[in-house]
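In what follows, a single structure is set out as structure tokens and then discussed.
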Amino acid sequence: MSTDQAAAAATSTRMIIGGDLAESADGRTFEVVEPHRGSVVATVPQGGAEDVDRAVAAAQAAFDGEWSRLAASDRGRLMLRFAQVVRDHEEELSQLESRQIGKPIGGARWEVGQVAKVLEFYAGATTKIHGSTIPVTRPGFDFTLREPIGVVGLIVPWNFPIMMAAWKVGPALAAGNTAILKPASYSPLTALRLGELALEAGLPAGVLNVVTGPGPVVGGAIAAHPGIGKVAFTGETATGQEIMRAAAANVKKVSLELGGKSPNIVFADADIEAFATTSPYSVFDNCGQDCCARSRIIVERSVHEKVVELFAAATEKVRVGDPSDPATEVGPLVSFRQRERVEAYVRSGREEGAELVTGGVRPTDPALAQGAYLMPAVFDNMAPDMTIAREEIFGPVVGIIPFDTEEEALRLANASPYGLSGSIWSRDIGRALRAAKALKSGVISVNCNNSVHVEAPFGGYKQSGIGRELGMEALELYTEVKNVFVDLG
Ligand code: NAP
């Protein structure tokens, strides 16, 4: 399907409630605007609390019905079919994802590929969810059961819209729950299509519902709903705090994947060329709208100048352009509002005394004039107390801080309320492992920038979140443990 066909197919979409394509209860809609050109791509139902009620009723009915009676292996087979249907629609989904948020098509294809992988991983996991037997003191037989929670709410952001949805849908369904997915308002199209594809793959009606609409209204209703036993959220830390408060109403289980301000620590003995040529992608990929963006480069003073020079040169080679062009590496920001936010951070960096080495301005290419573009910005001599060093910018901006000792590097790296990701560059494996142990972050890479593996746990320390997604760990977020004791005395 071409970009235009994908857009045409998406011009009007419906929510998925109980296996039906649904309008919002009050008939209201909102528009999805593509950031490359600023034009409307689709009109989508603007759901409300009543729609969440309808979705919860449908999800509960599905949970009480066929879904909970399926053998784990049959649930796994259905999920494998779901993964295959996603693979069959990979290009269509990639085009939609690219269009709605301005993600370069190459990145969108990678993202959709991850969705199929995640569903395949959790399809295989359905038959590996089990309890254990425990040698208790009293004469008897003690064992645990791992059971689904019931209806779960999944609230996702706009930066990796369909992948973030799959990270939650995969383990939630594998564990036997039914779900209500709430996509971000910038990016509802691929989530809605995912809901349709689940039905096409044969998942029973009501197992996966998709409700669109404003965060505080639809997301707020999910977080507070007494019929929902667990809410999984990815987004800003401040929103996560609101969700925790709302979820307290029925002591709902909560897992959170939140913001980050991740460090990239470069020791003098590292392969500086490898660092400088690959690391621009660790912060500018997805136009910096990545919770794992390594937005603070903490570099040993003896190689500071060389790192700045090589990193800035590599940044200037990053291809900024039309997301539909396969050669494009960085597209526009998600919206014009987001660009203004990021530009304000660039101004604050300059005003507070950091040195702008390259970027931070709108591109001069007239072909990009209608879009929310900003050239990747590199600041040198960023002080740890500057606003750009402390706050998550969520845009293409990185700052470089020099250090003198290993202890200082780790202190600087950990001086953040966030603790999501980070990289360590050194040829001394002892030092790299020491630093990996000392970093207060959930996902650490050594001599590379990779944060995400479907098979391995992902999540944050401190204000970056609660719980771990991906891997077998994610199943803990979607199961209850029941202990049973049989008295043999
Ligand atoms: P956001 O504004 O917090 O929104 C995330 C989701 O929550 C959206 O679906 C949003 O709906 C909804 N929402 C907004 N207000 C809500 C409320 N009061 N109650 C319930 N739901 C509400 O975050 P974002 O701007 O989409 O995403 C960027 C953030 O996500 C960054 O901070 C980034 O670091 C973080 N992130 C973290 C991870 C991770 O794994 N740790 C991964 C990706 C992104 P609307 O869109 O309708 O407002």
Side-chain angles (χ1 to χ4, degrees), residues 30-32 44-49 52 100-101 103 111 114 153-168 180-191 210-225 228 231-247 249 252 254-262 283 285-295 333-335 337-338 341-342 391-395 416-422 441-443 451-452 457-470 474 477:
F30 68 97
E31 290 177 338
V32 178
V44 168
Q46 184 174 318
V52 173
Q100 68 178 348
I101 54 163
K103 185 182 294 253
E111 191 188 329
Q114 292 292 303
L154 316 174
I155 304 175
V156 296
W158 47 261
N159 59 340
F160 290 90
I162 193 169
M163 188 173 90
M164 293 293 104
W167 284 18
K168 293 175 171 40
I180 296 151
L181 172 64
K182 182 322 205 191
S185 295
Y186 284 132
S187 58
L189 304 181
T190 43
V210 186
V211 180
T212 48
V217 179
V218 172
I222 288 173
H225 205 290
I228 295 179
V231 62
F233 168 78
T234 297
E236 282 183 32
T237 296
T239 316
Q241 288 167 329
E242 269 187 57
I243 284 173
M244 282 184 92
R245 278 190 285 273
K252 207 181 254 92
V254 177
S255 55
L256 304 172
E257 294 293 349
L258 306 174
K261 189 75 193 173
S262 297
V283 61
D285 188 42
N286 213 33
C287 206
Q289 302 163 130
D290 184 339
C291 53
C292 288
R294 278 113 169 111
S295 51
L333 285 141
V334 73
S335 67
R337 204 170 120 226
Q338 181 74 356
R341 242 190 102 240
V342 176
E391 296 184 8
E392 182 182 41
I393 298 175
F394 225 57
S416 170
Y418 297 113
L420 184 55
S421 187
S441 298
V443 192
S451 299
V452 173
F458 177 95
Y461 278 38
K462 300 190 274 184
Q463 291 184 31
S464 286
I466 300 175
R468 293 294 178 270
E469 298 200 295
L470 298 180
L477 304 178

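Atoms considered below: every heavy atom in the structure, side chains included; atoms not considered: hydrogens, waters and symmetry mates. Each ligand, and each atom within it, is numbered from 1 in the order the structure gives.
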> Would you say W158 and Q100 make side-chain contact, with heavy atoms under 4.5 Å?
Replying inline: no
>> Within the 4.0 Å heavy-atom shell around P214, which atoms of ligand 1 are there?
In response: 47 (O)
> Between T234 and ligand 1, which part of the residue brings a heavy atom under 4.0 Å of the ligand: side chain, backbone, both or neither?
Replying inline: both
>> Less than 4.0 Å is my threshold; does some heavy atom of G465 fall inside it relative to ligand 1?
In response: no
> Any protein heavy atom sitting closer than 4.0 Å to atom 19 (N) of ligand 1?
Replying inline: yes
>> Looking at ligand 1, is there an atom of it that comes within less than 4.0 Å of some heavy atom belonging to G213?
In response: yes
>> Return the closest protein heavy atom for atom 23 (O) of ligand 1 as residue, atom name and distance.
In response: E236 N, 3.4 Å
> Heavy-atom distance to atom 33 (C) of ligand 1: which of F394, F233, Y418, F458 wins?
Replying inline: F394
> Of all the non-hydrogen atoms in the protein, which one sits nearest to atom 3 (O) of ligand 1, and at what distance?
Replying inline: T239 OG1, 2.7 Å
> Is any N or O atom of W158, backbone or side chain, closer than 3.5 Å to an N or O atom of ligand 1?
Replying inline: yes
>> Please compare G459, C291, G220, G460 and report which has the shortest non-hydrogen distance to atom 39 (C) of ligand 1.
In response: C291
>> Looking at ligand 1, is there an atom of it that comes within less than 4.0 Å of some heavy atom belonging to C292?
In response: no
>> Need the ligand 1 atom indices (1-based, order shown) with element for anything under 4.0 Å from a heavy-atom of G215.
In response: 11 (O), 12 (C), 13 (N), 14 (C), 15 (N), 16 (C), 17 (C), 19 (N), 20 (C), 21 (N), 22 (C), 45 (P), 47 (O), 48 (O)
> Nearest non-hydrogen atom to atom 10 (C) of ligand 1 belongs to which of Q338, Q241, Q289, K182?
Replying inline: K182
>> Starting from atom 8 (C) of ligand 1, what is the nearest protein heavy atom, named by residue and atom, and what distance separates them?
In response: V156 O, 3.3 Å
> Are the side chain of R294 and the backbone of K261 linked by a donor-acceptor contact shorter than 3.5 Å?
Replying inline: no
> Would you say the ring centroid of W167 lies under 6.0 angstrom from that of F160?
Replying inline: no
>> I need the atoms of ligand 1 closer than 4.0 Å to a non-hydrogen atom of N159, numbered in the order shown.
In response: 43 (C), 44 (C)
> Going by the atom numbers of ligand 1, which of them fall below 4.0 Å from some non-hydrogen atom of G219?
Replying inline: 19 (N), 20 (C), 21 (N)
> Is there a donor-acceptor pair closer than 3.5 Å between any side-chain N or O of T234 and the backbone N or O of P157?
Replying inline: no
> Hey, which atoms in ligand 1 end up nearer than 4.0 Å to a heavy atom of A184?
Replying inline: 8 (C), 9 (O), 46 (O)
> Is a donor on one side and an acceptor on the other found under 3.5 Å between the side chain of Q338 and the backbone of L333?
Replying inline: no
>> Quick test of your reading of the structure: of E469, M164, E392, E242, whose heavy atom lies closest to atom 34 (O) of ligand 1?
In response: E392
>> Counting only heavy atoms, tell me which of G235, S451, A246 gets closest to atom 29 (C) of ligand 1.
In response: G235
